[in-house]
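Below is one structure, written out as structure tokens, with a few remarks after it.
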Amino acid sequence: MHIPESLQDLANSEAVQFLKRPKTIARSFAGVFSLIVFSSLLTDGYQNKTNSSQLHCVLNSNNAGCSFAVGAGLLAFLSCLAFLALDAHEGRTTSSHFKTAFQLLDFILAALWAGIWFVGFCFLANQWQHSPPRQFLLGSSSVKAAITFAFFSILVWILQAYLALQDLRIDAPVPYKRSLDDGGVVVTSLSPLSATSPVNTPTTGAHSLSYTSSALSPHLTTPKAPRLTMMPDT
């Protein structure tokens with residue numbers, strides 16, 4: 001089947017190649033999961049009890065649980081959008097220092113968010129486990145969705161940390177790089193002396209004695225006094 005040339009150009013464009021990157025896909029999933037977490041508890045996380053009109057968090061009536069999930073989900077979603085914008089700008093940057101700093105920041109934040117979502121998943125699951133049954137008429141499906149995607153967020157942020165670490169190890173500006181295949185170390189060696197080097201190499205031979213110091217510094221040579229020749233009387 002023949003593909004039109006315009007579609008081939010579209011597939012080879014920078015935008016499509018950017019969207020096909022593993023890091024871009026991981027950030028997109030992380031943003032969607034965070035959006036589901038905070039939107040689920042923001043809309044249906046606060047309900048009134050059957051015998052009261054006051055709104056309470058459906059997670060064991062603990063408002064800290066809903067506030068934590070909403071705040072963490074919103075911040076994680078904004079973080080994904082910010083890093084997607086930085087990823088698009090990274091390809092146009094030639095500074096190695098900026099790339100290294102960005103990759104290091106990416107790894108640190110990804111590992112931090114993985115830890116935050118792990119704590120959040122354990123906290124939300126614990127509060128939902130201790131919630132009295134049939135205390136609220138609505139909100140149970142939203143809580144289950146938030147807990148489920150909080151767990152998925154742990155995995156996707158760990159994946160982002162791994163990808164950032166791989167980029168950091170590949171593009172790190174170090175004086176040498178250790179090969180993972182054969183365990184060899186590639187180091188920078190000094191270039192040999194050129195033929196136009198000012199250093200004079202002493203010549204060696206069987207009956208030749210010459211010193212570089214004498215050749216380089218003529219003032220070190222001791223001057224010889226003239227000899228007087230005595231003529232015999234005839």
Side-chain angles (χ1 to χ4, degrees), residues 3-45 59 65-125 128 139-172:
I3 301 178
E5 187 176 358
S6 60
L7 294 181
Q8 292 181 356
D9 295 339
L10 179 62
N12 296 328
S13 63
E14 294 183 0
V16 175
Q17 295 299 325
F18 173 75
L19 294 176
K20 290 168 60 178
R21 293 174 56 188
K23 186 182 292 186
T24 305
I25 298 174
R27 293 198 199 283
S28 301
F29 275 104
V32 172
F33 294 164
S34 302
L35 182 64
I36 293 175
V37 171
F38 90 85
S39 62
S40 297
L41 292 182
L42 185 64
T43 55
D44 294 334
L59 292 168
C66 292
S67 300
F68 175 83
V70 171
L74 179 60
L75 291 178
F77 176 73
L78 296 178
S79 177
C80 291
L81 292 181
F83 272 93
L84 281 174
L86 290 175
D87 285 338
H89 181 70
E90 183 186 7
R92 304 187 181 117
T93 304
T94 58
S95 176
S96 60
H97 297 286
F98 173 79
K99 290 183 179 180
T100 303
F102 172 71
Q103 290 165 0
L104 182 60
L105 179 63
D106 186 14
F107 171 72
I108 293 175
L109 288 182
L112 181 62
W113 274 115
I116 291 175
W117 281 118
F118 176 76
V119 174
F121 167 75
C122 295
F123 179 62
L124 295 178
W128 178 247
S140 60
S141 59
S142 299
V143 172
K144 293 177 181 179
I147 295 175
T148 302
F149 285 98
F151 174 76
F152 290 156
S153 297
I154 301 173
L155 303 179
V156 75
W157 281 105
I158 291 177
L159 176 60
Q160 290 189 69
Y162 172 76
L163 295 176
L165 181 61
Q166 292 297 317
D167 292 341
L168 188 62
R169 294 177 61 183
I170 294 173
D171 299 333

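Positions are given from 1, in the same order as the sequence printed here.
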When rounded to the nearest 0.5 Å, the distance separating CD1 of I158 from CH2 of W117 is 13.5 Å
Sorted by chain and residue number, the disulfide (SG to SG under 2.5 Å) partners of C66 (sequence neighbours excluded) come out as C57
If you round to the nearest 0.5 Å, how far is CG of L42 from CG of L74? 9.0 Å
Smallest heavy-atom separation, A26 atom then V156 atom, equals O-CG2, 3.4 Å
Applying the side-chain contact (heavy atoms from CB on, under 4.5 Å) test to W157, which of F118, W113, Y162 qualifies? W113
CG on L81 to OG on S28, rounded to 0.5 Å: 9.5 Å
For A111 and A161, which heavy atoms make the closest approach, and how far apart are they? N-CB, 4.0 Å
Side chain to side chain, L109 and F83, heavy atoms closer than 4.5 Å: yes
Can you name the nearest heavy-atom pair linking L41 to A146, along with the distance? CG-CB, 3.9 Å
Shortest non-hydrogen separation from T24 to L19 and the atoms involved: CG2-CA, 4.1 Å
Kindly compute the distance separating CG (L75) from CD1 (I116), expressed to the nearest 0.5 Å. 8.5 Å
Quick one: pull up NZ in K23 and CG in L84 and give me the separation to the nearest 0.5 Å. 10.5 Å
For a quick test of reading the model, state the closest non-hydrogen atom pair linking Q160 to A30 and the distance between them. NE2-CB, 3.2 Å
Start with the C-alpha distance between L168 and L104, add both sets of side-chain angles, then the distance that settles side chain to side chain contact (heavy atoms under 4.5 Å, CB included), and finish with yes or no. CA-CA 7 Å; L168 188 62; L104 182 60; 4.0 Å; yes
Measuring from atom CG of D106 to atom NZ of K99, what distance do you get when rounded to the nearest 0.5 angstrom? 14.5 Å
Assess the pair F149 and F152: is the distance between their ring centroids shorter than 6.0 Å? yes
Which atom pair, heavy atoms only, marks the closest approach of V70 to F38? O-CB, 3.4 Å
